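Chain identifiers are assigned alphabetically (A, B, ...) following the order of the sequence lines, protein sequences preceding nucleic acid strands; residue numbering begins at 1 within each chain. What you see is a predicted model; the values in this text were computed from it and never measured.
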Protein chains: 2
Amino acid sequence: MSDVTIKDVATAAGVSPSTVSNLLNGRAHRMLPETRQRIERTIKDLGYRPNRAARQLRTGRSQVIGLVVPSVGNPYWGAFARHLESAALAEGYHVLLCNSERDPDRERQYVSELLSDGVFGIVLCSSLPSLEHVLPLVDQGLRLVAFDRKAQAGDPASLVSITVDNAIGGELAGDHLVGLGHRRIAFVSGALRSINRQERLRGFLAALSRAGIGEQDVLRWTGKGDDQLGDVEAAELGTRAAAALLGRRNRPTAIFAINDMTALGVCRAVRDAGLEVGRDVSVIGFDDIVLADLSSPPLTTIRQPLPDLAAAAFTELRLRLDDATVQPGRSLLFRPDLVVRASTAPVPGS
Amino acid sequence: MSDVTIKDVATAAGVSPSTVSNLLNGRAHRMLPETRQRIERTIKDLGYRPNRAARQLRTGRSQVIGLVVPSVGNPYWGAFARHLESAALAEGYHVLLCNSERDPDRERQYVSELLSDGVFGIVLCSSLPSLEHVLPLVDQGLRLVAFDRKAQAGDPASLVSITVDNAIGGELAGDHLVGLGHRRIAFVSGALRSINRQERLRGFLAALSRAGIGEQDVLRWTGKGDDQLGDVEAAELGTRAAAALLGRRNRPTAIFAINDMTALGVCRAVRDAGLEVGRDVSVIGFDDIVLADLSSPPLTTIRQPLPDLAAAAFTELRLRLDDATVQPGRSLLFRPDLVVRASTAPVPGS
DNA sequence: TTGAAAGCGCTAACAA
DNA sequence: TTGTTAGCGCTTTCAA
């Protein structure tokens with residue numbers, strides 16, 4: 001380890017440790033320019049690097065934030081992690097990565113361990129509607145930003161929630177399909193346990209309703225016991241759901257899938273049924289992961305502005321980390337975009 | 001913050017801090033069972049959690065390892081990060097995530113900062129053939145495991161290198177295509193700067209050569225200036241390369257792409273040319289990322305045993321973290337598998 | 001403008 | 001079996 005300490009620097013520069021410390025902590029104005037230069041030179045010459053553990057022990061603060069996601073193996077979360085890390089790095093923060101694998105116990109465990117690591121700022125991407133499993137830890141100094149989740153009535157007052165506006169996203173999807181002339185439309189998702197999913201469906205139904213398509217006329221597939229949907233499983237679910245829906249007498253001409261992975265699974269089922277995505281059945285997803293544009297045909301989807309979302313998550317977290325007083329909670333809802341590609345087209349024969 | 005310290009526990013339990021510390025550090029046998037139980041109860045009651053910064057300051061060790069990858073936004077690296085984190089967690093370690101974005105300066109910067117964070121164990125997934133930009137830091141206690149990179153002559157003696165056996169992977173790809181009757185075969189990659197890529201090509205050529213196809217008969221596309229290939233760009237490159245290759249008079253009947261992202265781009269170009277992947281042109285990739293199985297048609301590829309690779313990376317790192325004496329370096333080469341899906345088929349008309 | 005000194009929470013000799 | 005003690009490297013108050 002870099003065994004040169006602040007004391008070594010002080011001795012070599014002929015000053016006291018506190019003067020060096022002052023320089024290190026943005027109080028350079030308190031010393032003569034020549035002193036300052038001498039110290040700076042010495043630091044360079046000796047290759048001195050402050051020991052963060054010592055600093056943290058002393059100040060109680062650390063330049064690390066925690067990120068808890070279901071799994072970075074999922075392209076969506078991988079992309080989010082990348083953008084968040086990028087935003088954090090720009091401000092000198094590092095990111096501890098935690099994969100909850102959608103296990104509430106593991107989520108709680110992580111948060112607790114992070115606290116004990118001196119990591120008080122955490123971006124939590126929880127799959128759960130309720131955050132009560134981590135709330136007790138807020139009393140211990142935890143600063144929480146909940147991502148991909150709209151604020152709920154039962155949330156602690158200080159919580160920040162950041163997400164795309166899922167209801168608007170659902171509406172955009174619905175408007176798009178209706179605008180293409182579709183009337184027999186299906187919705188495919190796993191169990192609607194998360195608020196996000198409920199919102200997406202709500203917006204979607206609202207759009208269809210405006211076009212005169214009642215709720216009862218929308219084919220809904222919302223998980224059939226297959227709840228433990230991971231990332232690969234989401235596609236699998238899409239395939240099974242679409243296979244069932246396409247087997248009906250009056251099969252839908254368009255399908256809205258809860259996310260892109262599911263949509264890709266839906267596309268597979270369409271092909272398996274001997275139909276062509278786009279021409280025979282329109283498919284629209286949600287997220288705009290990197291593969292959406294790569295798949296065949298390229299997937300029409302609702303894009304989440306991931307860089308903006310990630311930057312906001314970090315900014316909000318930092319705000320609460322720097323200021324000891326408890327800030328009021330709030331929700332940030334970002335607007336999603338419709339990205340039209342080849343998987344959606346006018347209804348056949350129209 | 002959890003302001004209950006080891007001292008509080010000691011007082012409450014009626015013992016000295018060192019006894020509590022002994023219990024905490026696996027020296028429970030040095031005390032009476034009843035003392036032990038009393039302390040354990042107190043720890044629970046008070047909700048005590050050790051302060052890691054203090055512990056680290058004292059011992060110089062930390063339960064954190066660093067992971068430097070090009071970008072977790074790339075599905076391959078995202079999957080690797082997930083498996084590595086999982087292996088680390090099982091032993092009580094946390095993972096600091098660093099995205100180098102393929103910038104050598106950033107790589108060096110990260111490693112240096114990690115050192116100053118007291119993080120001495122780092123899994124480095126560098127895109128560079130040489131590691132000299134971080135070597136000076138090895139003297140400062142850095143323990144390095146290089147992933148996705150075979151050992152080189154110029155490496156430091158203590159370096160561990162872990163990767164799939166890319167030459168064998170290339171051979172498997174070559175044998176597969178040859179076995180299907182293909183003779184006009186192309187290879188598509190970005191610039192062959194990394195050792196991995198060179199190895200894949202070498203193995204591939206060796207397999208073709210055994211089938212009587214000389215090097216000069218293999219169409220090679222190895223980047224045309226488009227060097228800054230990120231993740232999306234890899235697909236883009238595949239598309240451009242394949243478009244050019246398929247425009248030739250004697251177009252290839254099979255294409256081996258350097259990785260799955262590139263292969264997906266190749267598939268897109270095949271479709272754009274009015275041909276069918278599998279039937280008209282066989283395409284094989286490398287990695288077996290999650291999308292390989294989801295794409296249309298599902299992609300034949302060379303699978304990397306990612307969970308095993310990740311577990312090995314952590315194990316090797318930990319070995320070197322625990323033992324202060326410098327261990328001799330070594331290379332671990334894991335065997336890849338051929339996964340046959342629908343993107344490859346016998347050569348048309350055979 | 002600079003320095004002396006105390007102490008953050010913990011571990012591990014060493015002493016009892 | 002248990003306790004005393006010194007000190008890890010740093011920041012910050014207070015004094016000079």
Side-chain angles (χ1 to χ4, degrees), chain A residues 1-40 42-43 46-64 115-120 140-141 324, chain B residues 1-40 42-43 46-64 115-120 140-141 324:
Chain A
M1 101 165 158
S2 167
D3 35 16
V4 28
T5 74
I6 202 173
K7 226 170 163 179
D8 299 328
V9 175
T11 310
V15 294
S16 80
S18 26
T19 304
V20 180
S21 174
N22 278 333
L23 175 57
L24 256 32
N25 290 284
R27 287 183 287 267
H29 55 276
R30 287 211 203 153
M31 63 201 70
L32 294 174
E34 56 205 59
T35 312
R36 171 191 177 154
Q37 283 177 12
R38 195 149 29 94
I39 299 176
E40 281 172 341
T42 316
I43 287 179
L46 266 49
Y48 167 74
R49 231 178 305 105
N51 178 320
R52 299 249 205 165
R55 176 177 286 177
Q56 181 181 332
L57 176 57
R58 184 58 233 245
T59 64
R61 270 170 284 124
S62 90
Q63 294 270 93
V64 175
L115 241 39
S116 136
D117 275 351
V119 175
F120 296 105
Q140 303 191 21
Chain B
M1 103 165 158
S2 165
D3 36 14
V4 29
T5 75
I6 200 172
K7 226 169 162 179
D8 298 328
V9 175
T11 310
V15 295
S16 82
S18 31
T19 303
V20 180
S21 173
N22 279 334
L23 175 58
L24 254 33
N25 291 283
R27 286 184 288 266
H29 56 276
R30 288 211 203 152
M31 63 200 72
L32 295 173
E34 57 206 57
T35 312
R36 170 189 179 155
Q37 283 175 12
R38 195 151 26 93
I39 299 176
E40 281 171 342
T42 316
I43 288 180
L46 266 49
Y48 167 75
R49 230 177 307 103
N51 177 320
R52 298 248 204 166
R55 176 177 285 177
Q56 181 182 331
L57 177 58
R58 182 60 232 236
T59 64
R61 272 172 280 122
S62 90
Q63 294 270 94
V64 175
L115 240 39
S116 135
D117 275 350
V119 175
F120 296 106
Q140 303 192 20

*Starting from the first five and the last five pairs of the helix from C/dT1-D/dA16 to C/dA16-D/dT1, work out the angle between the resulting helix axes, to 10 degrees.*
40°
All side-chain contact (heavy atoms from CB on, under 4.5 Å) counterparts of [X], not counting sequence neighbours:
X: A/Arg30; answer: A/Asn22, A/Arg27
X: B/Arg36; answer: B/Leu23, B/Ala28, B/Met31, B/Glu40
X: A/Ser18; answer: A/Ser16
X: B/Thr11; answer: none

_Treating primed atoms plus P, OP1 and OP2 as sugar-phosphate and everything else as base, which nucleotides of nucleotides 10-16 of chain D get B, S or - for protein heavy atoms under 4.0 Å?_
BBB----
*Going by heavy atoms in the side chains, are A/Val64 and A/Gln56 under 4.5 Å from each other?*
no
_Among B/Arg49, B/Arg55, B/Arg52, which residue satisfies the salt bridge (charged side-chain N to carboxylate O under 4.0 Å, His left out) criterion with A/Asp117?_
B/Arg52
*Only one of A/Thr19, A/Asn51, A/Leu24 forms a side-chain contact (heavy atoms from CB on, under 4.5 Å) with A/Ile6, so which one is it?*
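In the set A/Thr19, A/Asn51, A/Leu24, the residue that makes a side-chain contact (heavy atoms from CB on, under 4.5 Å) with A/Ile6 is A/Leu24.
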_Side-chain donor or acceptor of A/Thr42 paired with backbone N/O of A/Ala12 under 3.5 Å_ = no
For [X] and [N], give me the distance from atom [atom1] to atom [atom2], rounded to whole Å.
X: B/Ile39; N: D/dT1; atom1: CD1; atom2: P; result: 13 Å
X: B/Gln56; N: C/dC8; atom1: CD; atom2: C1'; result: 14 Å
X: B/Leu46; N: C/dG9; atom1: CG; atom2: P; result: 14 Å

*So what does A/Leu32 touch, heavy atoms closer than 4.0 Å: a base, only the sugar-phosphate, or nothing?*
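Sugar-phosphate contact only.
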